[in-house]
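Hydrogens, waters and symmetry mates are skipped; everything else that's a heavy atom, side chains included, is used. First the proteins, then the strands, lettered A, B, ... as listed; each starts at 1. Predicted model, so just to flag it, every value in this text is computed and none were measured.
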Protein chains: 2
Amino acid sequence: MSIPHGLLALLDQRPMYGYQLRAEFERATGATWPLNIGQVYTTLTRLERDGQVVGQATDEEGRQRYEITAVGRETLRTWFTDPVTLGDRPRDELAIKLALAALSPGLDVQAVVQNQRVATMQRLQELTRLKRDAPTPSAEDLAWTLVLDNLRYMAEAELRWLDHCEGALARVRPPTAPPTSDPDPDAASDLATDPTQESLR
Amino acid sequence: MSIPHGLLALLDQRPMYGYQLRAEFERATGATWPLNIGQVYTTLTRLERDGQVVGQATDEEGRQRYEITAVGRETLRTWFTDPVTLGDRPRDELAIKLALAALSPGLDVQAVVQNQRVATMQRLQELTRLKRDAPTPSAEDLAWTLVLDNLRYMAEAELRWLDHCEGALARVRPPTAPPTSDPDPDAASDLATDPTQESLR
DNA sequence: GGTGCCATGTAACGCGTTACATGATTAT
DNA sequence: ATAATCATGTAACGCGTTACATGGCACC
């Protein structure tokens with residue numbers, strides 16, 4: 001549902017045509033998730049059918065600008081107001097994969113975790129490099145730098161979760177020697193700082 | 001792509017029929033993302049068409065069990081081996097929303113951030129409550145507790161990112177008095193512990 | 001005269017969701 | 001009896017992707 005709403009948000013600034021919308025969308029989000037141009041047109045068609053936008057007459061260069069309607073502005077308002085909930089999100093493929101891996105008898109789950117850990121670590125390093133090369137967000141760069149930060153925060157959390165998984169798996173499926181009573185450094189790690197204890201401001 | 005692979009992973013344990021697959025899938029993942037039963041059957045049909053599973057003859061009670069094929073096992077193997085990359089993931093609606101909100105002139109972005117912050121905080125508290133009521137993962141509960149932990153880690157990261165956004169937005173769009181030279185507690189916070197500096201094990 | 005970018009689309013397909021329909025068995 | 005659960009499906013639709021097709025225009 002990001003694309004229809006995203007296009008509405010861009011059209012709320014000024015009327016635009018399809019090709020332009022893709023460019024603006026990718027500029028706004030840092031081209032992290034490239035937007036297929038074909039989908040822009042099909043989405044615009046659906047938005048027009050639903051009364052969220054109206055297409056203007058094609059100009060002398062054959063471009064057709066769309067403008068947002070009052071209905072579209074209302075849709076946009078509620079989109080910005082209503083928070084994103086768990087139910088809105090798609091299934092996390094990695095979480096499902098690891099859960100099912102943990103239930104697969106013949107499988108080396110720890111290898112799965114480690115493979116993912118290397119990949120996530122590399123992604124985080126790449127994201128950190130990008131962050132380093134694009135510092136001090138000015139007003140126009142703010143949007144995509146926030147997206148970049150989001151990816152970094154999520155990759156970092158994923159890493160910590162993978163380490164947590166490694167520990168939990170080792171605890172339940174003893175790796176080599178079962179009860180050596182070795183000092184497990186991850187045994188009490190969990191979420192170190194629990195923000196739940198903060199007040200809801 | 002989680003569902004086809006997930007069903008394959010379950011069928012790799014033993015042959016099952018559709019209704020059973022849904023129950024097992026939800027048991028494995030903690031029913032976090034409820035699985036529609038209709039989709040199980042359509043997915044099984046596609047998997048059979050692609051040679052990943054074969055349907056057995058319906059038994060005396062009218063149930064049709066499916067079993068995984070060699071092709072399916074190979075698909076499963078690469079699924080577990082190949083890590084999940086950024087390109088595999090869908091667009092993060094929240095990141096896109098906030099990016100576009102930051103570019104919307106008339107909009108109160110901070111209100112958007114705060115609305116989301118309250119919602120995410122409540123979700124994290126709910127998840128923490130669930131975690132508290134389901135302690136010490138045994139072997140069979142391990143999978144879904146890991147999923148639950150994943151959600152907690154991600155919600156916590158989302159909270160931290162939202163706080164980061166709040167600070168970054170305040171820095172670029174000065175809230176009330178522009179350069180009061182107040183001590184900004186978030187100015188240097190960023191990612192406190194950068195796991196990038198750890199070694200790739 | 002190609003190569004590449006601008007600009008607009010269509011077709012085919014998979015994934016995912018909601019809703020609907022149909023029967024059998026089981027429990028109250 | 002009837003309500004819930006088991007069990008299997010179909011229909012319609014939206015989102016998303018890849019691939020393909022069509023033209024104009026600029027640059028070399």
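A donor-acceptor contact under 3.5 angstrom links the side chains of A/Trp79 and B/Glu93, judged on distance only.
Here the C1' atom of nucleotide C/dG14 and the CG atom of B/Asp50 are 10 Å apart, to the nearest Å. The CG atom of A/Leu35 sits 12 Å away from the C1' atom of D/dC15 (whole-angstrom rounding). If you take CZ of B/Arg63 and P of D/dA7, they are 5 Å apart, rounded to a whole angstrom. Put simply, CZ on A/Arg89 is 18 Å from C1' on C/dT17, counting in whole angstrom units. Look at CG on A/Leu44: it is 9 Å from P on C/dT8, rounded to the nearest Å. Distance, A/Tyr66 OH to C/dT8 P: 8 Å, rounded to whole Å. Rounded to an integer number of Å, the gap from CG of A/Asn36 to P of C/dA7 is 17 Å. Rounding to whole angstrom units, CD of residue A/Gln39 and P of C/dT8 are separated by 16 Å.
Here A/Arg46 lies in heavy-atom contact (under 4.0 Å) with a base. Residue A/Glu61 is classed as having no contact, given no heavy-atom separation below 4.0 Å to the nucleic acid. Among the atoms of the strands shown, only primed sugar atoms or phosphate atoms (P, OP1, OP2) are found under 4.0 Å from some heavy atom of B/Ile3. Using a 4.0 Å heavy-atom distance criterion, B/Arg65 is classed as making no nucleic acid contact. Counting any heavy atom pair closer than 4.0 Å across all strands shown, A/Pro4 reaches sugar-phosphate atoms only and no base atom. Across all strands, A/Gln20 comes closer than 4.0 Å to no nucleic acid atom at all (heavy-atom distances).
With respect to A/Lys97 and A/Asp92, no salt bridge is recorded, no charged nitrogen being found less than 4.0 Å from a carboxylate O. Look at A/Lys131 and A/Glu156 and you find no salt bridge, because none of the NZ, NE, NH1 or NH2 atoms lies under 4.0 Å from a carboxylate O. Salt bridge annotation for B/Glu74-B/Arg77: present, with a cationic side-chain nitrogen under 4.0 angstrom from a carboxylate oxygen.
Considering only side-chain atoms of B/Thr42, the nucleotide from D/dT10, D/dT8, C/dA7 that sits closest is D/dT10.
Proximity of B/Arg49 to the phosphate of C/dG14: a side-chain N or O atom is located under 4.0 Å from OP1 or OP2. The side chain of A/Tyr19 places no N or O atom within less than 4.0 Å of a non-bridging phosphate oxygen (OP1 or OP2) of C/dT8. The phosphate of D/dT17 has OP1 or OP2 within less than 4.0 Å of a side-chain N or O from B/Arg91. Contact between the side-chain N/O atoms of A/Tyr17 and the OP1/OP2 oxygens of C/dT8 is not found at any separation under 4.0 Å.
Considering only heavy atoms from C-beta on, A/Thr43 comes within 4.5 Å of A/Leu47 through its side chain.
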